[in-house]
Amino acid sequence: MIEAPILAVRDVGVSLGGRTILEGYSLDVGKGEVLAMLGANGVGKTTLLNCMVGLRHPERGSVTRMGRIGYVPQLFQSTFAFSVLDIVLMGRARHLGLFTAPRKADYEVAERYLELMQVAHLRDRPFNALSGGQRQLVMIAQALASECEIMILDEPCSALDYKNQAIVIATLRRLNREMGLTIVFSTHAPQHGLEVASHVLLMNDRQRYRHGSVAEVLTADNLTNLYDVAIGRAEFGMGGRFTFAPTYVQ
Ligand SMILES: Nc1ncnc2c1ncn2[C@@H]1O[C@H](COP(=O)(O)OP(=O)(O)OP(=O)(O)O)[C@@H](O)[C@H]1O
């Protein structure tokens, strides 16, 4: 069944410093979909995500959001010594008046999502003293506390070890399956697409891309073409599970 789009990217073009970064990107994200965006360094993943979030207005084309956006930036470091609870409470900002302090109900929402992300025991710790994986879970709790309908994450697993990547990816999968959250994220690991995404966007260059279901688009040939490195498909375990593996030395 094709779900109604909750995010529509239409003919988006972005220029930065007199250079065209993106041109003619169009895609729909359906309600309840998980979209993984992959592409070489500098191809424009963050630029496109910023357009989706509304942090950047594309010079050409449009982005239409039909739901509230929650944004999780690349590994976030706070300038001030905020506690974990403070950071999650910031997610309530859009529900508060300009000079209104968080109310009891806002604390309850923040506590609920700290529990859900299994980081409630860290609530009084300084945010900057957490590990990268813990910080990502807290930032996801912040986005959830904003009661977003679309969560957009910029490389949520960058700089994380395998264990923390597994926690973040399993968390995204759970939020999608159990809460029906629509998720868009960028990654350099095709395996993350296989584990959690329903759809992928492969960004080849500023105006060439492939967008479609994981089964259709996330193939060894398309990845080889995307990264310009030989990438093979390797079966493992039971039940037809597979992964993609690059060959670094020919
Ligand atoms: N403020 C800016 N002025 C000029 N060019 C910029 C600016 N910000 C980004 N760019 C350029 O835009 C292009 C896209 O950058 P972007 O950060 O979107 O890529 P990315 O795919 O997210 O990269 P990575 O995988 O390395 O994070 C890059 O070539 C970058 O150098």
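Numbering of ligands and ligand atoms starts at 1, following listing order.
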Backbone or side-chain N or O of [X] under 3.5 Å from ligand 1 N or O:
{"X": "Gly39", "result": "no"}
{"X": "Gly17", "result": "no"}
{"X": "Gly44", "result": "yes"}

Quick one: which ligand 1 atoms are inside 4.0 Å of a heavy atom on His188?
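Taking each heavy atom of His188 in turn, ligand 1 has 25 (O) under 4.0 Å.
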Proximal ligand 1 atoms for Ala40, defined as those under 4.0 Å from one of its heavy atoms:
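Going through ligand 1 atom by atom, the ones under 4.0 Å from Ala40 are 21 (O).
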Nearest to [atom], what protein heavy atom do you find, and at what distance?
{"atom": "atom 17 (O) of ligand 1", "answer": "Thr46 CB, 3.7 Å"}
{"atom": "atom 27 (O) of ligand 1", "answer": "Glu155 OE2, 3.3 Å"}
{"atom": "atom 12 (O) of ligand 1", "answer": "Ile21 CD1, 3.3 Å"}
{"atom": "atom 25 (O) of ligand 1", "answer": "Lys45 NZ, 2.7 Å"}
{"atom": "atom 14 (C) of ligand 1", "answer": "Gly42 O, 3.3 Å"}
{"atom": "atom 18 (O) of ligand 1", "answer": "Thr47 OG1, 2.6 Å"}
{"atom": "atom 9 (C) of ligand 1", "answer": "Leu16 CD1, 3.7 Å"}

Just heavy atoms, cut-off under 4.0 Å: does [X] contact ligand 1 by side chain, backbone, both, or neither?
{"X": "Arg19", "result": "side chain"}
{"X": "Asn41", "result": "both"}
{"X": "Ser186", "result": "neither"}

Of the non-hydrogen atoms in Val12 and Val14, which two are nearest, and what is the gap between them?
CG1-CG2, 4.2 Å
What's the verdict on side-chain contact (heavy atoms from CB on, under 4.5 Å) for Met203 and Tyr25, showing C-alpha distance, side-chain angles and the deciding distance?
CA-CA 10 Å; Met203 299 175 65; Tyr25 268 71; 3.6 Å; yes
Sequence-distant partners of Glu155, side chain to side chain contact (heavy atoms under 4.5 Å, CB included), two or more places apart:
Lys45, Gln74, Ser158, Ser186, His188
Heavy-atom count check: over 12 atoms from other residues, nucleotides or ligands less than 6.0 Å from Arg210 CZ?
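Open: at most 12 neighbouring heavy atoms sit under 6.0 Å from CZ of Arg210.
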Count the heavy atoms of every other residue, nucleotide or ligand shown that sit under 6.0 Å from CZ of Phe236, and state whether that count exceeds 12.
yes
I'd like to know if [X] pairs up with [Y] as an ion pair, taking the criterion as any Lys NZ or Arg NE/NH1/NH2 lying under 4.0 Å from an Asp or Glu carboxylate oxygen.
{"X": "Arg241", "Y": "Glu195", "answer": "yes"}
{"X": "Glu111", "Y": "Arg123", "answer": "yes"}
{"X": "Glu108", "Y": "Arg112", "answer": "no"}

Identify all side-chain donor-acceptor contacts of residues 82-91 below 3.5 Å with residues at least two apart in sequence or on another chain.
{"unit_1": "Ser83", "atom_1": "OG", "unit_2": "Leu85", "atom_2": "N", "d": "3.4"}
{"unit_1": "Ser83", "atom_1": "OG", "unit_2": "Asp86", "atom_2": "N", "d": "3.1"}
{"unit_1": "Ser83", "atom_1": "OG", "unit_2": "Asp86", "atom_2": "OD2", "d": "3.2"}
{"unit_1": "Asp86", "atom_1": "OD2", "unit_2": "Ser83", "atom_2": "N", "d": "3.1"}

Only one of Leu144, Asn176, Ile69 passes side chain to side chain contact (heavy atoms under 4.5 Å, CB included) with Met151; say which it is.
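With Met151 as partner, Leu144, Asn176, Ile69 yield a single side chain to side chain contact (heavy atoms under 4.5 Å, CB included), made by Leu144.
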